[in-house]
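Take a look at this one; I'll ask things after.
Read the numbers this way: they start at 1 and go in the same order the structure lists the ligands and their atoms. As the structure is a computational prediction, the values presented were derived from the model and not from experiment.
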Amino acid sequence: MKIEFYGASGCVTGSSHFLKVKDKNILLDCGMYQGRDEKERGNETFNFNPKDVDYVILSHSHIDHSGRIPLLYKQGFKGDVICTEGTKDLCSVMLSDSGHILESEVEWKNRKRARQGLPPLEPLYTEKIANVAMYLFNGYPYDQWIELFDGFKIRFRDAGHLLGSAIIEMLIEDNKKQIKLVYTGDLGNKNIPILKDPTIIDYADYLIMETTYGNRLHTSISSELTDLAKIIKSTFKRGGNVIIPSFAVGRTQEVLYTLNNYVENNILKGVSVYVDSPLASESTAIFSRYHKYYDEEAQEILSKGSDPLSFPGLTFTKSPEESAKLNKVQSGAIIISASGMCEAGRIKHHLKHNLWRKESSIIFVGYQAEGTLGRSIVDGAKKVKLFGEEVVVNAKIYNLHGLSGHADRDGLVEWLEALKAKPEKVILVHGDTEAQESFNELLLSKGYSTYIAKPGDTFTPELTPEKFSVVRNRILSVINSIEDLDSTDKELLIEKIREEIKDI
Ligand SMILES: [Zn+2]
């Protein structure tokens, strides 16, 4: 078997790792490049023939992991997309929204091109193609082994990063040799609202690991949440609005859950909260269908008959007219809008009407990729361009990255150290160079063997069952079951393993 690295190697967006197992070609994620990566690498072409791909195994629905599946389909992929049930449902709204955005962007460019006498451009894919591509999706529950073909089984484990997000365990068998490859996808931050903490995995022979915040420590979520309440109160006192650029799926629901808490506990009184993103409204409805994925705290709220994503004063705006009305609101509104990195969507209008006002606040609650409008605001730009017009930045800018959906450096290490044995190799992906190098050094100092994946690299894991897999699997089974055994059984089991090791 072989792994080829393309997207999210040496960068954060465009996740896509190509596995060759026996005669099958498998893509781990098929994400869109965003911001700087999009400009440098482009989304139009793949480094392989889409027709040759048999499976896409999808870790979660974020566009930087799923966004190029419709393009893959458009260019000839007719295999299966394998993901969790939640990811499938979220993709059905997110990919169609992505198609819609791509179409409108091209429409806008083409009007300009027509005036310049240039031929029209084609969108990467349309909303319609995205909808048709959904027929390739197969949703599965967590924690269940799925045999995709002879000698290749996978299992999704809750990654705690987004509703439906998964760590992917892959058991590969060839000639009675076996290895377990694990792909973390994006690993969640502990204690984020609604979601469970990332699942601890037994072991991995080879681990492909994300490193988004490999060099950063988040402030604690609870202090960030207290800050959020304070910022809202002080902004309203100044007579401004609170604008929250937010990923429509995931972060928006977490923010709503938090605001619901404030309202229920009288921390905020009489607030007007607007979710101004059709995608955010649709995905909030999907969240409400997946209570089984909620963590204990959210389950408790549900058991009291209350909906943690709904409260008095909350409005989901639908039409563009309703959205435009918000431009006239001078103060007292919390507007949550997408896209999260301010590159597209209704958020740009809210920024245009609030960025220049010192009374207003802009609160960032998610990762801002390099080269995006969101990133330049977070980095302290004094002026930005919106709809071809220069807008001065006078509003107060906050960056609550403690609310991030990604584990920070310590979270990543804690998850890794919970494995019962060190992997043969920890392959680092999904991180900017600085984050990766710093995280790499830390892992080396802890005795891990590592590999930083660069775009175009090929990695060949070794299948060495005689030395590792058999013994390791037996020992793991003892570790897992020994607690429940009485002492005679324990001795019998240990004796049996001793015999097996001798045989090997
Ligand atoms: Zn993600």
ask   = Tell me, which N, O or S atom in H62 is closest to the Zn ion (ligand 1)?
value =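 For H62, the N/O/S atom sitting closest to the Zn ion (ligand 1) is ND1.
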Centroid-centroid under 6.0 Å between Y451 and F459 rings =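 Centroid separation for Y451 and F459: below 6.0 Å.
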request  = Please determine if the Zn ion (ligand 1) has an N/O/S atom from D186 lying under 2.8 Å away.
outcome  =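 Yes - counting backbone and side chain alike, D186 has an N, O or S atom under 2.8 Å.
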query = Does any N, O or S atom in H161 come within less than 2.8 Å of the Zn ion (ligand 1)?
reply =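 Yes.
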ask   = With the Zn ion (ligand 1) as the point of reference, which N/O/S atom of H60 is the closest?
value =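 It is NE2 of H60.
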message = Under a 3.5 Å cutoff, is there a donor and acceptor pairing between the side chains of S281 and T284?
response =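 Per modelled atom types, S281 and T284 side chains form no pair under 3.5 Å.
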inquiry  = Are the side chains of P423 and Y206 in contact, using a 4.5 Å heavy-atom criterion?
reply    =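 Not in contact.
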inquiry  = Taking backbone and side chain together, does H406 place any N/O/S atom at a distance below 2.8 Å from the Zn ion (ligand 1)?
reply    =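 No, H406 does not qualify, because none of its backbone or side-chain N, O or S atoms lies under 2.8 Å.
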request  = Answer yes or no: does atom NZ of K348 have more than 12 heavy-atom neighbours from other residues, nucleotides or ligands under 6.0 Å?
outcome  =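 Enclosed.
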query = Does H406 have its ring centroid less than 6.0 Å away from the ring centroid of H430?
reply =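 Aromatic pair counts; centres sit under 6.0 Å.
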